[in-house]
Amino acid sequence: QVQLVESGGGLVQAGGSLRLSCAASGRNFRSYCMGWFRQAPGKEREFVAAIRWSGGSTYYADSVKGRFTITRDNAKNTVSLQMNSLKPEDTAVYYCAADKIGAVTTNQYEYDYWGQGTQVTVSS
């Protein structure tokens, strides 16, 4: 079993930055694909970013490409999401997720473990 705990959310003005972190328990973290998803009020959960088990491949939603960066530290069992140039439309609960199959996937239904989420609010 894998437990994921997100941190780093908060309130920021448009144009600002936040860094989300996800700490994972479990021995097999380094073999998992890790992803970030978000869900805004009244909307479905959507893909944000993902990183392959090795960190060698990353993938981003078009809406965040060039502004967000996903990284991982397999020695520390952590994955991070650096969010720059934030916009009000980035406001959402952000979730960390782990997929036991290590290749990058954007499909939320392929992820096996989920964190509880952290709120990000961007004011205009």
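Just the heavy atoms: all of them, side chains too, but no hydrogens, waters or symmetry mates, feed the values below.
Note on Val64 and Val104: separate hydrophobic clusters, where clusters join Ile, Leu, Val, Met, Phe, Trp and Tyr whose side-chain heavy atoms are under 4.5 Å apart, directly or indirectly.
The nearest pair of heavy atoms linking Arg38 to Ala92 is CB-CB, 3.8 Å. Closest approach of Cys33 to Tyr111, counting heavy atoms only: SG-OH, 3.5 Å. Across Ala61 and Phe47, no two heavy atoms sit closer than the pair CB-O, 3.4 Å. The two residues Leu4 and Cys96 come nearest to each other via the heavy atoms CD1-O, 3.6 Å. For the pair Thr71 and Val79, the tightest heavy-atom approach, listed with the atom from each and the gap, is O-CG2, 3.1 Å. Taking every heavy atom of both residues into account, Tyr95 and Gly115 meet most closely at CD2-O, 3.6 Å.
Listed by chain and residue number, Gln82, Asn84 satisfy the side-chain contact (heavy atoms from CB on, under 4.5 Å) test with Ser17 (two or more places apart in sequence, or in another chain). In terms of the side-chain contact (heavy atoms from CB on, under 4.5 Å) criterion, Ala23 has no residue partners (sequence neighbours excluded). Partners of Trp114 under the ring-ring contact (aromatic ring centres under 6.0 Å, His included) rule, at least two apart in sequence or in another chain, are Phe37. Annotation: side-chain contact (heavy atoms from CB on, under 4.5 Å) contacts of Ala103 (sequence neighbours excluded): none.
For the pair Arg72 and Phe29, the cation sits on the ring face: its NZ or CZ lies under 6.0 Å from the ring centre, inside 45° of the axis.
In this structure, the separation between CD on Gln39 and CD on Gln119 is 11.0 Å, given to the nearest 0.5 Å. Atoms OG and CZ, from Ser85 and Phe68 in turn, are 9.0 Å apart once rounded to the nearest 0.5 Å. Interatomic distance, OH of Tyr94 versus CG of Leu20, reported as 7.5 Å (0.5 Å rounding). Residue Gln1 holds its CD atom at 10.0 Å from CG of Asp112, rounded to the nearest 0.5 Å. Separating the CD atom in Gln13 from the OG1 atom in Thr121 is a distance of 13.0 Å, to the nearest 0.5 Å.
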Show your working on side-chain contact (heavy atoms from CB on, under 4.5 Å) between Arg67 and Met83 and close with a plain yes or no. CA-CA 6 Å; Arg67 300 188 296 123; Met83 305 186 295; over 6 Å; no
Asp62 vs Lys65, test: salt bridge (charged side-chain N to carboxylate O under 4.0 Å, His left out). Steps then yes/no. CA-CA 5 Å; Asp62 288 342; Lys65 201 172 295 183; 3.1 Å; yes
So Val48 and Tyr60, side-chain contact (heavy atoms from CB on, under 4.5 Å) or not? Walk me through it. CA-CA 6 Å; Val48 175; Tyr60 298 92; over 6 Å; no
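Cluster partners of Ile101 are absent, since no Ile, Leu, Val, Met, Phe, Trp or Tyr has side-chain heavy atoms less than 4.5 Å from it.
In this structure, the side chains of Lys100 and Tyr113 come closer than 4.5 Å at one or more pairs of heavy atoms.
Side-chain polar atoms of Glu110 and Thr105 form a donor-acceptor pair below 3.5 angstrom.
Evaluation of the side chain to side chain donor-acceptor pair (under 3.5 Å) test over residues 20-29, restricted to residues two or more places apart or in two chains, returns none.
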